[in-house]
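Every chain is numbered from 1 and lettered A, B, ... according to where its sequence line falls, protein lines coming before strand lines. Any value given below was found using the heavy atoms of this structure, including those in side chains, with hydrogens, waters and symmetry copies removed.
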There are 2 protein chains.
Amino acid sequence: MVLKQRAKVQALPGCPMSKCMGLLGGLWTPELIWALNDGARRFSELRRDCPFISAKVITSRLRDLEQRGVLSRRVMPTSPPTVEYDLTPLGRELLPAIKSIVEVGSRLLLRDKH
Amino acid sequence: MVLKQRAKVQALPGCPMSKCMGLLGGLWTPELIWALNDGARRFSELRRDCPFISAKVITSRLRDLEQRGVLSRRVMPTSPPTVEYDLTPLGRELLPAIKSIVEVGSRLLLRDKH
DNA sequence: CGGTATCCCCTATGATACTG
DNA sequence: CAGTATCATAGGGGATACCG
């Protein structure tokens with residue numbers, strides 16, 4: 001029998017949706033990116049903006065997004081330490097899609113009420 | 001690139017993004033909805049359109065989306081059986097957001113090449 | 001044709017506690 | 001302030017076989 005080498009979920013190369021969803025992967029990722037809509041934020045600010053996301057997950061997503069080139073991380077040599085996260089141009093390209101998601105969500109919520 | 005598994009979205013009632021992402025939940029869900037963009041499709045057509053999604057997952061997502069009111073399932077009394085899936089008005093509301101995702105993805109792919 | 005049934009892995013997320 | 005470490009878990013997803 002063949003050892004099951006579990007195939008990882010691969011994005012189809014050249015598939016637009018995979019390309020974008022790869023960046024938005026993770027349950028809270030869009031929320032985090034959205035929180036950077038108005039400019040750079042510090043870690044504690046993000047925690048306050050997204051109190052429903054645990055610190056661990058925030059860190060994890062931020063690291064991931066940093067590596068994918070979606071956002072940048074700047075450590076300032078202060079005491080206590082200050083760290084700022086900001087969207088890169090690539091990250092900013094994702095905003096229209098996220099905005100669309102928020103807008104649709106809003107309309108759906110309105111519909112629910114009526 | 002490895003796509004992330006998406007965790008289940010249920011938290012935060014009343015939050016637009018959760019509302020929308022709840023419907024788009026599931027790694028392959030947007031692809032499926034997108035496949036219904038041009039009208040009703042049969043199960044086997046969806047399988048052909050999305051050969052990278054296993055039958056199990058297609059079924060699972062379709063059932064889920066049906067229950068959430070995103071799409072409808074129509075069984076025709078033929079032999080062999082014929083089943084048609086189609087977007088509901090609610091499902092059609094999601095298309096702009098998905099379109100946005102596709103568009104961003106396309107632009108990102110173009111960028112990669114240059 | 002349009003699915004189920006099984007089995008099993010994997011990863012994202014949570015909760016809690018701790019640190020330079 | 002800005003994280004790590006550790007332990008635990010649900011459920012998504014893959015592969016394969018089988019069914020009315």
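- Note on A:V70 and B:L110: separate hydrophobic clusters, where clusters join Ile, Leu, Val, Met, Phe, Trp and Tyr whose side-chain heavy atoms are under 4.5 Å apart, directly or indirectly.
- Counting atom types as modelled, A:K56 pairs a side-chain N or O with a base atom of C:dG14 as donor and acceptor under 3.5 Å.
- Regarding A:R61, its CZ atom lies at a distance of 11 Å from the P atom of C:dG14, rounded to whole Å.
- The distance from atom CG of A:L27 to atom P of D:dA10 is 17 Å, rounded to the nearest whole Å.
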Under 3.5 Å, which protein N or O atoms sit close to an N or O of nucleotides 17-20 of chain C? Give each pair with its distance.
none

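- Rounded to whole Å, atom C1' of D:dG14 lies 11 Å from atom CH2 of B:W28.
- In this structure, CZ of B:R48 is placed 11 Å from C1' of C:dC1, rounded to the nearest angstrom.
- Other residues, nucleotides and ligands place no more than 12 heavy atoms under 6.0 Å from the CZ atom of A:R74.
- Expressed to the nearest 0.5 Å, how far CG of B:L24 lies from CD1 of B:I101 amounts to 6.0 Å.
- More than 12 non-hydrogen atoms from other residues, nucleotides or ligands lie less than 6.0 angstrom from CZ of A:R111.
- When heavy atoms are screened at a 4.0 angstrom cut-off, B:R47 is found touching no nucleic acid atom at all.
- Taking atom CD of B:E31 as the reference point, atom C1' of D:dG12 lies 16 Å away to the nearest angstrom.
- The listed nucleotides are D:dA2, C:dG2, D:dT4; the one nearest the side chain of A:T59 is D:dT4.
- When the nucleotides D:dA2, C:dG2, C:dT13 are ranked by their closest atom to the side chain of A:V83, D:dA2 comes out on top.
- The phosphate of C:dG2 has OP1 or OP2 within less than 4.0 Å of a side-chain N or O from B:R42.
- Distance A:L62 CG to C:dA12 P: 15 Å, rounded to the nearest Å.
- Between A:E103 and A:K99 there is a salt bridge, since at least one side-chain N of the basic residue sits less than 4.0 Å from a carboxylate O of the acidic one.
- At the phosphate of C:dA15, neither OP1 nor OP2 sits under 4.0 Å from any side-chain N or O atom of A:S54.
- Nucleic acid contact class of A:T82 (heavy atoms, under 4.0 Å, all strands): sugar-phosphate only.
- Taking atom CD on A:E66 and atom C1' on D:dG3, their separation rounds to 14 Å, with Å as the unit.
- The side chain of B:R73 lies closest to C:dG2, out of C:dG2, C:dG14, D:dG13.
- Atom CZ in B:R92 sits 6.0 Å away from atom CG in B:L87 (nearest 0.5 Å).
- Residue A:R63 places no side-chain N or O under 4.0 Å from the OP1 or OP2 atom of D:dA2.
- Side-chain contact between B:R42 and B:T82 is present, with at least one heavy-atom pair separated by less than 4.5 Å.
- Between the CG atom of B:L32 and the P atom of D:dG12 there is a distance of 14 Å, given to the nearest Å.
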